[in-house]
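Model, not experiment: these values are computed from the prediction.
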Amino acid sequence: SQRAALACASMASGVAGALLVGAQVEALVTRAHALGGTVAQAAGDTLRSGGLRGLLLPHGLTMIAAREVPYCGCLFFLSGQFRARLRPSAQEPPHSWLRLPARDHP
């Protein structure tokens, strides 16, 4: 069904983001905090100690990808499902029910 395909695509985006960018950035930020340096210094240190493989395939890569699956499923799929049910009509813009009626000021 279309809903299942949207749910799978939402969760797959989490895996892709984690494998291509997220895990690498998180590893560098964590290393920078641990060493008391900058992210650039952590990147250089990681490259020197682990090579390109250490930079692109950091420890925890699989767990970060696993964490992103439910997160992105909720963020991209479930939040859209909730919004669609909260809006009285698909024709109305999001959050239209929050608007106060306009008043004429003298």
Side-chain angles (χ1 to χ4, degrees):
S1 76
Q2 184 180 6
R3 285 173 47 138
L6 288 173
C8 288
S10 297
M11 291 183 279
S13 72
V15 173
L19 295 178
L20 298 174
V21 177
Q24 294 81 4
V25 170
E26 286 191 37
L28 292 177
V29 169
T30 301
R31 188 170 196 148
H33 282 299
L35 299 176
T38 66
V39 173
Q41 290 168 333
D45 187 46
T46 302
L47 196 57
R48 279 189 297 281
S49 65
L52 194 56
R53 181 180 177 154
L55 199 59
L56 296 178
L57 301 171
H59 295 290
L61 176 73
T62 306
M63 292 309 298
I64 291 171
R67 176 194 69 194
E68 294 301 312
V69 170
Y71 172 76
C72 288
C74 290
L75 178 66
F76 298 125
F77 178 70
L78 287 181
S79 65
Q81 298 295 310
F82 285 127
R83 280 193 307 274
R85 282 169 178 68
L86 288 173
R87 279 191 279 173
S89 167
Q91 305 300 334
E92 295 181 27
H95 309 297
S96 61
W97 55 276
L98 290 174
R99 291 194 191 124
L100 297 174
R103 295 187 307 190
D104 293 329
H105 293 283

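Put simply, the side chain of Val39 does not reach to within 4.5 Å of the side chain of Val25, judged on heavy atoms. Between Thr46 and Arg31 there is a side-chain heavy-atom pair separated by less than 4.5 Å.
Linking Ile, Leu, Val, Met, Phe, Trp and Tyr residues whenever their side-chain heavy atoms come within less than 4.5 Å places Leu20 and Val29 in a single cluster. Connection of Ile64 to Phe76 is not established within any shared hydrophobic cluster, with ILVMFWY side chains joined at heavy-atom distances below 4.5 Å, either directly or through further cluster members.
Listed for the Gln24 side chain is a donor-acceptor partner under 3.5 Å among the backbone atoms of Leu19. The closest donor-acceptor contact from the side chain of Thr30 to the backbone of Ala27 lies at 3.5 Å or more, if one exists at all.
Residues Leu52 and Leu47 approach most closely at N-CD1, 3.7 Å, considering heavy atoms. Minimum interatomic distance between Ala65 and Ala18 (heavy atoms only, all atoms of both residues): CA-CB, 3.5 Å.
One finds the CG atom of Leu78 at 11.5 Å from the CG atom of Leu6 (value rounded to the nearest 0.5 Å). Distance SG/Cys8 to CZ/Arg3: 12.5 Å, rounded to 0.5 Å. Here the straight-line distance linking atom CE of Met63 with atom CD of Glu26 works out to 12.0 Å at 0.5 Å rounding. The distance from the CZ atom of Phe82 to the CZ atom of Phe77 is 10.0 Å, given to the nearest 0.5 Å. Separation of atoms OG (Ser10) and OH (Tyr71) is listed at 12.5 Å; rounding is to 0.5 Å.
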